[in-house]
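Read through the structure below, which is laid out as structure tokens, and then see the notes.
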2 protein chains.
Amino acid sequence: MQSKHKAAKTTGAEKPENRVITSADVAREAGVARSTVSRCLSGDGRISEETRQRVLQTADRLGYQINQIARSMNRRKSDLIGLVTSGLEDPFRVQFLHHLISAIQKIGYRPLVIDVSAPEHMSRSMLNLLQYQVAGVVVTSGSPSPEIGQHFIRRNVPVVLVNRAGLLEGADVVNCDNDTGGRLAAEALLAAGKRHFGFLNMTGGTYSGNARGEAFVAAIAPKLASGEVRFSLLGCDSADYEGGYQAGLQILSNRDAPDGIFCGKDHIALGLMDAARFELGLRVPHDLAIVGFDDITASSQKAYGLTTIRQSAEDLAALTVARLAEHIAAPGQTASQRVVLPVDLVQRSST
Amino acid sequence: MQSKHKAAKTTGAEKPENRVITSADVAREAGVARSTVSRCLSGDGRISEETRQRVLQTADRLGYQINQIARSMNRRKSDLIGLVTSGLEDPFRVQFLHHLISAIQKIGYRPLVIDVSAPEHMSRSMLNLLQYQVAGVVVTSGSPSPEIGQHFIRRNVPVVLVNRAGLLEGADVVNCDNDTGGRLAAEALLAAGKRHFGFLNMTGGTYSGNARGEAFVAAIAPKLASGEVRFSLLGCDSADYEGGYQAGLQILSNRDAPDGIFCGKDHIALGLMDAARFELGLRVPHDLAIVGFDDITASSQKAYGLTTIRQSAEDLAALTVARLAEHIAAPGQTASQRVVLPVDLVQRSST
DNA sequence: CGCACAAGCGCACACGTGTGCATTTAACGC
DNA sequence: GCGTTAAATGCACACGTGTGCGCTTGTGCG
């Protein structure tokens, strides 16, 4: 080994093509110590502008690429941010991730995606993130156990939950305003002149879905009590187009079906709408008014024109990264926070 | 420093909560050398089953998580696979990434996503991947310069291009069968009784788009020469719904518009279809037949029913990972390969 | 001209793991 | 019982970087 190194040195630039350039190479070439190179790169310490320029220029000339692995090793912290998600099937989540990845890169970090489609592996997968010395974690799917959360807090790794239940002690939570959303949906359906309401979401449902449904019911509670309106809790098997479609076939073939349905997610609403229009011959919104939640891109397409509660994926991502950045800037000193993203009603042709 | 360590040792298990468990802790606890722990974990070497069990059990009990950063440092190779993509706006790319991430995890690796929405940063961003000692790279967007590719080949890092031009010497290429796709599209439109064809894709276009258009033209070339049919090359500003929609408004308001249009991607086709149906009052497929490419999930929804050329995102991902796995198993010894994924026509109501 | 002080720089250690090689232990044959 | 062999294990170095601390060099003041 040692002799090999010496050989490489003595032969000079004979076989440079297969060697990886390290900071030592840059130092030698620039005629300074390796530590000086390091200080130039991190902008640290007391380095003369002249030396600094020379080193940076040399590094560039040699095509030096810093070894992030070695740097992470030394710092005991990488510049990776773990993204815990359950696949890319949910269109809104994709939109969110799109902006999130972009925002993470913008603050100089890299996203490390973990797919936890199998919920039983959730704990193991999240712990695996610690193996990469991640600088932070964003959870967009699944509900991490409090025990898992402790591991991250203990290591001062900030965790942000997005549109999830805030069970996790010490974790930040970024949520859209489900309460207002549910209320706006109720108002929209009331304004459309409907009187028999339904809330359709995946059976069992998620935290967000349940919160939206409860807010919806709370908003119509007075009229419900007076018998002025009716309400049915509806369920579907999956939280997507197909789930909404199948549920629509079943629910709407019933003679006493609701005429105003609020769906927990847009994708479900689109399936419901297609079942109503193309299978059961219902007119939307005349026979059935529909309100969704999220405002995914498909909802605004002419073929649908879904009235929905809009939450901005971009703002949600910005808030998430802002929380992370704050924790990273002051490790262990920033109190966890709960942030709520405003929503608004987007009126289209389904109400 | 040294004294601090000693203090921690002498106080024993007094403050274990804030220390990160290393393999040395496991070794001490299990009464073996640290190297033995390492050998147990990697399944390497000659370790008695008894020792092995005891070590693994101890590791589990202490909640030991191997430090991947340190491991990568030593191996000079991480278990990360770089995913070069340009955002998550294209639905088919999202479907592909979904399966790709899943498949990558299944072979024990982790995806590191790099967003190269700004094409001018492509080179820099790809080179940055080398900083993480990635085990491989998948390029799903942009066209890396040959010069960049050399850096990866030199380091024996396999690169797979997916549905991209195969300019990159030494890189593997996984493509869907654009030629057959273009031909099938032509046959479908001919069978629908159309005679004035168009090919709509983003102006300038991508490698895939151009290949599809050329194959389409080639398939109708004889009839074109005999004057039996006509052909127009159409363009739109963006490769998405909005692009197809705007192009549709402009193209179809023309009196001499095509009555059978093949689109480079489904998403464009959906926009075109909506413009035709809801803005210009055309009947699909009576007045205008449309064929797309990809078979994204939205295309099969009742509101669209788009006839399209289907490529399987899942198979595409499987082929991609298979190529990577082969290169990783035999570094630098596997010749680069060009793989073609079959496509087929999915007949729906738009033809 | 001598001394003090500050700025710039280099030495050497640490991070946690993998692995070649030497060493120890156990088993077996004569 | 001893020598030989193979299996099991431990030692120590290497990977590339960040950084505390001490050394060198230059400058200004008395």
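We name chains A, B, ... by the order of the sequence lines, and we start the count at 1 in each one.
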What's touching nucleotides 17-25 of chain C from the protein side, N or O pairs under 3.5 Å?
residue	atom	partner	partner atom	Å
dT17(C)	OP1	Y64(B)	OH	2.5
dT17(C)	OP1	N67(B)	N	3.4
dT17(C)	OP2	S23(B)	N	2.8
dT17(C)	OP2	S23(B)	OG	2.9
dT17(C)	O2	N74(B)	ND2	2.5
dG18(C)	OP1	R71(B)	NE	2.8
dG18(C)	OP1	R71(B)	NH2	3.0
dG18(C)	OP2	S38(B)	OG	2.6
dG18(C)	O4'	N74(B)	OD1	3.1
dG18(C)	O4'	N74(B)	ND2	2.9
dG18(C)	N9	N74(B)	ND2	3.4
dG18(C)	O6	R34(B)	NH2	2.8
dG18(C)	N3	N74(B)	ND2	3.4
dG20(C)	O6	R39(B)	NH2	2.9

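Inter-axis angle, ends of the helix from dC1(C)-dG30(D) to dC30(C)-dG1(D), five pairs per end, rounded to 10 degrees: 50°.
Residues S78(A) and R71(A) have side chains that never bring a donor and an acceptor to within less than 3.5 angstrom of each other. A side-chain N or O of R323(A) and one of Q337(A) form a donor-acceptor pair less than 3.5 Å apart. H327(B) and D172(B) are linked by a side-chain donor-acceptor pair at a separation below 3.5 angstrom, with hydrogens and angles left out of the test.
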Cut-off 3.5 Å, no hydrogens considered: what does the side-chain donor-acceptor table look like for residues 99-114 of chain B, sequence neighbours left out?
residue	atom	partner	partner atom	Å
Q105(B)	OE1	D115(A)	N	2.7
Q105(B)	NE2	D115(A)	O	3.3

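Between D25(B) atom CG and dC15(C) atom C1' there is a gap of 14 Å when expressed in whole angstrom units. Between the CZ atom of R52(A) and the P atom of dC9(C) there is a distance of 12 Å, given to the nearest Å. Going from atom NZ of K77(B) over to atom C1' of dG16(D) covers 15 Å, rounded to whole Å. Rounded to a whole Å, the CE atom of M73(A) is 12 Å from the P atom of dG16(D).
Going from atom OG of S72(B) over to atom CD of Q131(A) covers 10.0 Å, rounded to the nearest 0.5 Å.
S72(B) comes within 4.0 angstrom of no nucleic acid atom, judged by non-hydrogen atoms across all strands.
In the displayed structure, Q53(B) atom CD is contacted under 6.0 Å by more than 12 heavy atoms of other residues, nucleotides or ligands. More than 12 heavy atoms of other residues, nucleotides or ligands lie within 6.0 Å of CD in Q150(A), so this atom counts as buried by the packing criterion.
With hydrogens and angles ignored, the 3.5 Å screen pairs a side-chain donor or acceptor of D25(A) with a backbone N or O of T22(A).
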